[in-house]
Every structure is written in C-alpha cells, then in structure tokens.
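These notes are about the structure you will find just below.
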Amino acid sequence: MADSKTIAKSAFAHSRNDIFVAAGVILVIAMMLIPLPTVLLDTLQSFNFMLSLIVILLVLFTKNTTDFTVFPTLLLISILFSIGLNVASTRLILAQGAAFDGRLIRAFSQFVVGTAGPEGLVIGFIIFIILIAVQYIVITKGATRVAEVAARFTLDGMVQKQMSIDAELASGALTESEAMNKRKRLQKEVDFYAAMDGASKFVSGNVKIGILTILINIIGGIIIGMIYQGQTITGALVTYVTLTIGDGLVTQFPSLLIATATGIIVTRSISDGSFASDVTTQFSQEAKIYWIVGVFLFLLSFLPGFPWYVLVPMAILSAFTGYRISRKKIAADAAQKAEKQEEKQKDESAYEIPGIEPLDPLSLELGYGLIPLVDKEKGADLLERITRIRRETAAEVGLVVPKIRVRDNMKLEPSEYCFKIKGVEIGKAVIRLNHYLAIDSGGIDEPINGEKTIDPAFGLPAIWVNERDREKAEQAGYLVVDPPSIIATHLTGIIKKHASEILGRQEVRAIIDSLSDKYSAITDDIKKALTIGEIQKVLQNLLKEQVSIRNMIAILETLTDFSAVSKDVTFLTEKARQALGRQICLQYADEDKKLNVVVINPSIETKIIESKVDTVDGYVAMLDREFLSSFINAISNTFIGLKDINKTVIILTSEESRILVRRSIERELSGIVVISAKELTEDIKIEILGEINFESQNL
C-alpha cells in the first residue's frame, strides 16, 4: 500500500513538473503577442538573470559534462525566453517612449549612460557595442567551433571506444554491468556533443537577433518620437537610445552568461573534476613560477611611472603563494618518502616475499598472427563468442566461468593459440587464417585434398581448405568450420572437461552468497554444516563426471541433510548424485526416457566392493593388476561390441560399487559413464544390452 502511494505521488510530481514546463513555454509565446505590464516585465527579466546565473554555476560545479545533458535543450528554451522578453520590452519602449517605467531597464540605462548628456550616451552605446562584440566574436564563435570539433571527434572515436569496452569485457577487466554502463555513458556523450554542435548555433543566432533588435529600437524610436510624439530628433535619440541600451543590457547580459556557460561546458570535455578543483590542482603544480612572477613584479615597481603601491603587494602575494606551494610539495614528498621507507623496513624485517599477482583462472593466449580474430573493427566476433560461451556454460553446467583473459604471447608461433588454467597450458593448436577446417566425422564418400591436421576440440582427423574449396568440402560430407568457431568449440570443450579445476573456493562462496537473498534458510544451514572447502570438493566431484551443478538448491539441501550422518566427501557426493538422479538419467536417456545400460557380473562387482579401501582422497578399489587389467579389457570389449547400435550406453552398478568402478576405470576409460541403481527414477526405463564378464579369471 505504501509503495503504491509512493509511486502515485512520484507520478503526480512528474506530471506537475511537465505542466509547469509546458506553461512556461506557452508564457514565452504569449509574451511575444500580448503586451505585458512593466511590473511583470521586471519580474521576468529578473528571473532571466537568476536562471542564467544558475546555469553558469551549474556548469562550473559539474564534474562531468555529460551529467548536464539537459543543457542543449535548456539553452534553446532560455534563448527563446530571452527573445520573448526582448519582444515584450521593445513593444513597451516604442509604445510608451519617455513614459516607459520599466525599473530594471531604466536602472541599467542610468547606470551605464548616467546623466552626462550626449557624452554619456555615446559612452554607454560604446560599452554596449563592446559587450555585443565580445559575446559574438570571441565567446560565441569560439564555443561554436569547439562544439563542432568536439562533436566530430567524439563521433569519429565512438567505434574505437566501443571496441575498447568489448575488449575489456572479454578480457575480464570489466563486468557485464560495468560494460553496459560504459556503453550507456559513451552513447550519452556522443548524443550530448552532437546536440551541443547544433545548440551552439542558437547562441550565435541570438546575438544576431539582439543586434537587429537594437537597430529596430533606435530607428523605430526616432520615427515614433518625431512623428507621433512631436519630439525633436535629439530628444527622440536620447530617449530611445538610452532605453535601447538599458533593454539591450538587460537582455544580452544573461545571454552573455549563457554563451559563456556554453563555451565552458564544451571546453571541459577532458576534465574529471569541477572547474574549481581543476584550477586548484593545475595552478599549484610548480612553485617556482610564482617566485619568478613575484620577482618580475617587484622589479617592475621600480620603473618610473609604474604604480609601486599595486605591484609590490602583488609581488609579495605571488611570492607567498609560491612559498605555500613549495612547502606543501616538500611535505608531500617527505610523507611519500617516509611511507616508502616504512614499507622497505617492513619488508626487510619480515623477509616477506613481494606480492604476486594471482594467476588467471582461465586465459586464452594468441600468436601475433591471430590478433585479427579479436579485432572487432575488421568484423571479428571471437570476443563476443567467448562472452556467449561463458553465459551458456553458466546456464548448462551451473558453473559461472570467471572472466577469460585474452592476450597475445610472442613466445607462441604466429598462428598458434593456447588455453591456460591458472597459468598452466591445458590445450594448444594451430590456426590457418583465411582457411577453413574440414572435419571428417565419418561417412566421407570422396576425400578431398588439403593440409592434414587434427581437430583440436574432438581429436578427429581434418584438413585445411581455402575459401574456394569450402563448398566442395561441405558437399563431400565434411563438417566445415571457420577459425573463430574452432577456438570457441575448443574453449567449450576445455571448460566442460576441466570445470572441476576452474571451480575454486572463491567461486563457491560467490554461488552461495548469490542464493542468500532468496534462500537464506538453506545457505544459513549449509554454512553451519560444512566448510566452503568441503562443499567445493563435492561440487568438483560432480563436475568431474559431467554432472551439472545448476540445481544448486537440491545439492545444498542434500548436503545439509546428510552431513549429520557423515562429512565424508565421497559419501556426500553419492547422495548429491542421487538427489540429481532424474537430471543425470535424462542426460543420457533417449527421447523415450530409456537408458541403454550394461551391468557388471555380480561376482566381479562383489570382488570390487570387497577391495574397498578408505584413503585421504576417498574410497578406492585396491584390485590386483591382473584383475584390473582383465576388468578394463572386458569393459572395452563389451562397448566395442555395442558401437554399431548408435546409442549412448552406460554402466549400471549398485550404490556401493559405483564410485569404486568409476575410479578404477577413469584413467583408461574416462569417457564411460557409470551410474548407480539409486540414481534411477520411476519414470526412467532401462534396457540391459549386455553384461561385463570375463572368463578364466580366478575370482
């Protein structure tokens, strides 16, 4: 209820603000059509002063130019408002003449022109012309030129900046949310400078309109004063030129502030702080500059006719500033030296080894000849594929793969790449750029010529073909892939095969912490029941056998329940597998939810169970070499005999022997899946295709 009230209140506030803005725009239009009372005119002109001061102060205190994105639109509205005031005041001045009683315009004209007669009128007019010239020639033209250059260079550099963001994301220097924020900020920057390029033209046009209004006021005032009010040409000139100067100052002075704000905001694109902080920092970098200026001013004061009473205090102030800066720099250097000395003493006293940068969990190193594969400017999409693989792995396996750092390695051959896990090479291959890898997956009717090689991902025979032979290879039955796809597929295989090595304790803690908000009961219990290291070992055991840990809730609940019985990692792993039984079965079942299995001869299985030994790494079967060799040969022969059925075949064992069988064959037959009867669910059917047995074995 409270949230709905807050939302309704916020919506009403936004609606009210929109109404105020719309009313303001309508008021500006009305000023050009309807005569205003002089009191209202004074009020609106004072508001124009206040608005221009607020804008220039906002620009000075804004740390990043793109934080003031409303400035281009505000610039247009303020100029429109200023023109509306100019039209309204012109109407009143021409209509009322000497009877015009606008206090603000009268005050400005009196202050500048004074009461010195025609001489003061000429002086005031000259001052007014100087202000207009400074605004138009110096500030407005300069700001317009800077805005044009900034817009052009920002647009030209957009592609390179986007490539840099993508490279940082792929290398792991940025998270996806950080990269998204940087892209949004880059787009906002481009839009801002493009808008400022056009908005600066508004300021230039406003000055031209101001000059035109002055001429109209003077000429029109002389005509009206002489013809309709019976004044002499001198009287009409004094009346209307005086009021025109006052009106021009009241209108153009806020415009001058807005033009100055425009120049400031487009010239501060390289600043990271406010204008005041930048000035303070950059003007206090070198003390001797102020000493030199102080000496020069002091010597200058001795020359005849120079105001020594001004130059000497300024020389003293400059020298004092230099003294203060030098003292601060000495203090800062001393503090830095002391800090370094303290660190050195700590290192010497404790004989500490210098800090070592931790190795990347997973990295891709490229020979210099493969750099075009990560050059997005040339259309390369390898970095995007790597990001997609990380996302897909998280969804499929449940492992949030750490950021994969991509770097060049001059020690590799130009066309060579390698993957490393924690600094250790785990896979390497050679890529032929501008070629395609034609993989022989079986059933090739007519082999084609090409450079023979081995597919790095699956170890299948393959050949390198060029672009003109690509279609020929596809027609011959080859699976043809491009170089980025080779690396991406190889990376996917490495992640799945070595997922247990990639999963560290930090990743496990991150997984548990990410569940704390929605599943606090589970995470609180698991933290009390098991350590992070014990949970990590269970998850690693699951990943070693290609079991997805995506269903982390079920895994943690099972570990919490059975940790009261035993904290043995092997025992907990088996219970976790049983909790994920349906998931594991469906992973290998056919479309009819049927598992094709082979079983082990009971006598062999019994001997394996009886040989169980508890070690520091869990339970293993201590089988003699002859028995183990016969057992492995029997499994191989059984699976060789079933290779023609084109179905996934697994070994089905009892709960007690599953882990023992798996660990007995994992070195020689790592690709064979072993599940226990406890992992089967009611909706899963099984079809026994054979029995693992061997004759002439003394059981």
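Just so we're clear, the structure is a prediction, and the values are computed from it rather than from any experiment.
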Verify salt bridge (Lys or Arg N to Asp or Glu O under 4.0 Å) between Arg388 and Glu384, making sure each step is shown before the conclusion.
-> CA-CA 6 Å; Arg388 190 162 56 247; Glu384 294 180 2; 5.2 Å; no
Using the test side chain to side chain donor-acceptor pair (under 3.5 Å), find all partners of Glu365 that sit at least two apart in sequence or belong to another chain.
-> Asn409, Lys420
Of all pairs that satisfy salt bridge (charged side-chain N to carboxylate O under 4.0 Å, His left out), the ones with a partner from residues 587-596, not counting sequence neighbours | Lys593-Asp683, Lys594-Glu687
What residue pairs, at least two apart or across chains, pass ring-ring contact (aromatic ring centres under 6.0 Å, His included) with a residue in residues 455-478?
-> none
Arg582 atom CZ: more than 12 heavy-atom contacts under 6.0 Å = no
Given the rule in the side-chain hydrogen bond (donor to acceptor under 3.5 Å, both in side chains) test, do Asn633 and Ser636 qualify, once you have shown the distances and angles that lead to the verdict?
-> CA-CA 5 Å; Asn633 288 335; Ser636 298; 5.3 Å; no
Heavy atoms, side chains only, cut-off 4.5 Å: are Leu437 and Pro456 in contact?
-> yes
Can you sort out the partners of Ile454 under side-chain contact (heavy atoms from CB on, under 4.5 Å), two or more places apart, ordered by chain and number?
-> none
When you look at Asp360 and Arg407, which way does the salt bridge (Lys or Arg N to Asp or Glu O under 4.0 Å) test go after all the steps?
-> CA-CA 11 Å; Asp360 298 316; Arg407 59 164 66 92; 3.1 Å; yes
How would you list all residue pairs meeting ring-ring contact (aromatic ring centres under 6.0 Å, His included) that involve residues 388-427, not counting sequence neighbours?
-> Tyr417-Phe419, Tyr417-His490, Phe419-His490
Counting only heavy atoms not in Lys527, do more than 12 fall under 6.0 Å of its NZ?
-> yes
Show me the donor-acceptor pairs within less than 3.5 Å that the side chains of residues 508-515 make with the rest of the protein, sequence neighbours left out.
unit_1	atom_1	unit_2	atom_2	d
Ser514	OG	Ala510	O	3.4
Ser514	OG	Ile511	O	2.6

Quick one: side chain to side chain donor-acceptor pair (under 3.5 Å) partners of Asn551, sequence neighbours excluded?
-> none
Partners meeting side-chain contact (heavy atoms from CB on, under 4.5 Å) with Asn466 (sequence neighbours left out) | His435, Arg468, Asp469
Any side-chain heavy atom of Glu501 within less than 4.5 Å of one from Lys422?
-> no
Minimal heavy-atom distance between Val480 and Ala473, with the atoms involved, is CG2-CB, 3.8 Å
Can you sort out the partners of Arg505 under side chain to side chain donor-acceptor pair (under 3.5 Å), two or more places apart, ordered by chain and number?
-> Gln536
Asn541: partners by side chain to side chain donor-acceptor pair (under 3.5 Å), with sequence neighbours left out | Thr573
Of all residues at least two apart in sequence or in a different chain, which pass the side-chain contact (heavy atoms from CB on, under 4.5 Å) check with Ser676?
-> Thr653, Arg658, Lys678, Glu679
Across all chains, not counting sequence neighbours, the side-chain contact (heavy atoms from CB on, under 4.5 Å) partners of Thr492 are Ile389, Lys496
For the student: nearest non-hydrogen atoms of Thr558 and Ala579, plus distance = OG1-CB, 3.1 Å
Test salt bridge (Lys or Arg N to Asp or Glu O under 4.0 Å) applied to Arg432 and Glu451, step by step | CA-CA 10 Å; Arg432 296 281 182 262; Glu451 180 185 347; 3.1 Å; yes
Closest non-hydrogen atom pair between Ile584 and Arg577, with its separation | CD1-O, 3.6 Å
